[in-house]
Each structure stands twice: as C-alpha cells, then as structure tokens.
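Structure first, commentary second.
For ligands, and for the atoms within them, numbers begin at 1 and follow the listed sequence.
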Amino acid sequence: MITTSDLRKVYRAQGRPGSNPEIAALDGVDLHVRQGEVYGVVGTSGAGKSTLIRCVNLLERPSSGSVRVDGRELTALSPAELRETRRSIGMVFQHFNLLARRTVAENVELPLELSGLTRRERAARVAELLDLVGLADKAKAYPAQLSGGQKQRVGIARALAGDPKVLLSDEATSALDPETTRSVLQLLRDLNRQLGLTILLITHEMDVIKSVCDSAALMRAGRVVESGTLTELLEQPGSELARELFPLGEGEPLQGSTVVDITFQGDATAQPFISQLARTYNVDVSIIGAAVETVGGRQVGRMRVSLPGSFEENVVPIGYLREQGLQVEVIASAESRRSAGWGSTQRGTTGVGTRPERSRAGARAEGAA
Ligand SMILES: Nc1ncnc2c1ncn2[C@@H]1O[C@H](COP(=O)(O)OP(=O)(O)OP(=O)(O)O)[C@@H](O)[C@H]1O
C-alpha cells in the first residue's frame, strides 16, 4: 500500500564554517507497508522518522527516490493530482492541530468544505465520523473544552473525513497520559480493523509498537536498520527491536556455561520444554530472565537460560529445543574444556566469554543438523 524506494532527503543546514552543511535526514529508505496493516517506525530523536512520514504524503519533497501510495507514484503527480491524491491519505499530529475558534463539528467538517458535498451531506458525514470516534456528544464543544484524548479523537475524525485508505500518524499519542494513550491506540486499532485502514505511525515508544503494530521498522541516522512483522523480528537472531520489544533481565550467568535466548510463540507458550529438556538430557538449566507478553495480539515468551558447559557440550540440548519449534539464539558460551578454557571476549552486559562467529553461525548450522 505504501512503498518507498531509496528515499533520500538532504537538508542544507546553516552550520559553523567548515562543518558539513548537508544533513542526510533520509539516507536511502526502503519501506514496504502492506494493505490493512498497522506499521510502526521507531527510532531515537533525529533518526529521520518525522521526515519520513512527511515525505510519504509529500508535505516534504524528497531529494530523490520514490514514494508509491495505493499504486500511485506521488513524486510524478502534477500539483492538482497530488492535492486530489492527498485526500486519500489522512494524517494525525502530535499536537492535534485543531482550529480553536471552530467547534468540534466544524473542525471535522473542514476537509469536506471543498469536496462538493451539500451542507446536509457534510453534516451527516460529520455526525457519522464523530460517532465513529466516540464523540457524538461533543459536536458543539470547542477544542479548549476537551481533554487531550478527546482532541486527538477529533484529529482522527478530521483525518478520516475524506474516507482515506491510509492514515499517517505522527507521534499521535506522545502528548497523552498512559491511560489516554491506550484508549487512542485502541481506537486506531479498531479503525484499522473496521475500515481496513492501513496505518503508518511513527513513535519513540516501544509500547506503542507492542500494543498496536503488525510490523515495525527501526530507524537510525536516516536509515532503516531493521524491519519486518513483529513475529519475524522476534524470530530474528540478534534483532535489536526484539530485544527492545521484549527486554529480558540481565541476570548474571554462571561461569563456564552457555547462555541461550529462547523465543516461543503461540502454542509453544504452553509447553513445559524446560522441564522436558532437564529430564531428557539430565542438564541443570538456570533461568536468568524470562517474560511472557502479548505482542501484536499474540502471546510471546522469551527466556534467557544458562546451560552448564561449553557450546560443544550443549549442541544436542540446543538442537532438541530447536526441534520443539523454538527460536534459539546462542548469546555466549564458555570455551570447550578441550581448548583454552574461558572465552576472552565479552558481549554486552552478560559478562560471559563469547565467540560470536562460532556461537551464532556454528550454532545454527549444528543445531539444524
Ligand atoms: N527543516 C530542516 N532543516 C534542517 N535539518 C532538518 C530539518 N528537519 C529535520 N532536520 C534534521 O534531519 C534529521 C532528522 O530529523 P527528524 O525530525 O526527521 O527526526 P525524528 O526521528 O523525527 O526526530 P524527533 O523524534 O526528535 O522528532 C535531524 O538531524 C534534524 O536535525
């Protein structure tokens, strides 16, 4: 539904003499948002999220690359065609952008004023939209009389006035308290399901991704460094997004052990695989961190466990876990007793000797055998 290809946006900054005057806010972004999904883009401040979303409806003209929305190449449209196409792309903003002197109904009616609808038709459509966002009783109120969550509902109703296929959300819940955030996110999810609306949202909050998104992308320095459905990301070894979505405690593993992260989804969440592993292989499994959560509407569990001995000594138990349909990533392992002893490099805060090349690639190859 939305595809960006090699999208670049370079700003000319007025920096200090001698400093690079060009800032690549977008540095070759390829994004693919499928019809009917909620897609979240997350990243730290300055990563390029706002620039990206503003380039998707050409509020900002990209320096190069292409943007396709619902099969139309936006960068190739004439100004009149672009104005027309923009009607099928609604947008909601962090600070609502409502007109203070207009009532709620008049704010929602605004995009309909040039639509060719009669006054009566417009009034009927506004009533329908306010009903949809749960504000039927606030039609005559002014924005100043509304809570933040209500204001954002008005913003959403206004964005839906042109019956768009795509909704862009620029940090729509960042100015709201947690309770209101939940209800606005629930509204977006309901609209996505009821209307088949494709939603592209940007956020700096992982909780937003976790609670409403089907897919996500992580941006850093103008680039998408990871992307996929939440299920794919959780299954991807070493995924930063998976780690952020689902942080595991950083407990201290035992010396001389192999540390693995196990991800399990759907039916596997109910399987007693740890006790089966311990019984079948007579191995003492230590759980370092664990959590079960709902991610994208699915139950997902993650567990970091430590198995005594080197990776070589644990090839068979690790293979057994993989055979159970679990995603297993070897995070760190002690050196084999046959070789030098404890590994010398350290990874992250686990504090365990590790040989990443061996652990990752070797583990997958051997585990699959
Ligand atoms: N109009 C502009 N002129 C010059 N530089 C800009 C302009 N807009 C954005 N930038 C720069 O482009 C980069 C990306 O900015 P952008 O606002 O897209 O990031 P962001 O991820 O949305 O950040 P935030 O979460 O803080 O809004 C930043 O380095 C920013 O300073």
Taking only heavy atoms of A47 into account, list the atoms of ligand 1 that are under 4.0 Å away from them. 19 (O), 20 (P), 21 (O)

How far is atom 29 (O) of ligand 1 from its nearest protein heavy atom, and which residue and atom name does that atom have? I23 CG2, 3.9 Å

To check your reading of the model: name the closest protein heavy atom to atom 9 (C) of ligand 1, its residue, and the distance in Å. Y11 CE1, 3.4 Å

Testing L188, I202, L201, V42 one by one against V208 for a side-chain contact (heavy atoms from CB on, under 4.5 Å), which residue passes? L201

Any chance CG of N282 has more than 12 other-residue heavy atoms, nucleotides or ligands included, within less than 6.0 Å? no

Report, in ascending order of atom number, the atoms of ligand 1 lying under 4.0 Å from any heavy atom of S45. 23 (O), 24 (P), 25 (O), 26 (O)

Salt bridge (charged side-chain N to carboxylate O under 4.0 Å, His left out) partner of R223, the single match among D6, D30, D27: D27

Determine, counting only non-hydrogen atoms of the protein, whether one lies under 4.0 angstrom from atom 2 (C) of ligand 1. yes

Of the protein's non-hydrogen atoms, which lies at the shortest distance from atom 12 (O) of ligand 1, and what is that distance? A25 CB, 3.3 Å

Would you say the side chains of E73 and T75 form a donor-acceptor pair under 3.5 Å? yes

heavy-atom search around atom 27 (O) of ligand 1 in the protein gives S50 OG, 3.5 Å

Residue-level breakdown please: for T44 versus ligand 1, do any non-hydrogen atoms fall below 4.0 Å on the side chain, on the backbone, on both, or on neither? backbone

Report the member of K49, H204, E60 with the shortest heavy-atom distance to atom 25 (O) of ligand 1. K49

What about the rings of Y320 and F273, do their centers lie closer together than 6.0 Å? no

Look at atom 15 (O) of ligand 1 and say which protein heavy atom is nearest, naming residue and atom and giving the distance to 0.1 Å. T51 OG1, 3.9 Å

Surrounding CD of Q35 (heavy atoms of other residues, nucleotides or ligands, distance under 6.0 Å), is the total greater than 12? no

In the complex you have, is atom 17 (O) of ligand 1 within reach of the protein, judged by whether a heavy-atom distance drops under 4.0 Å? yes

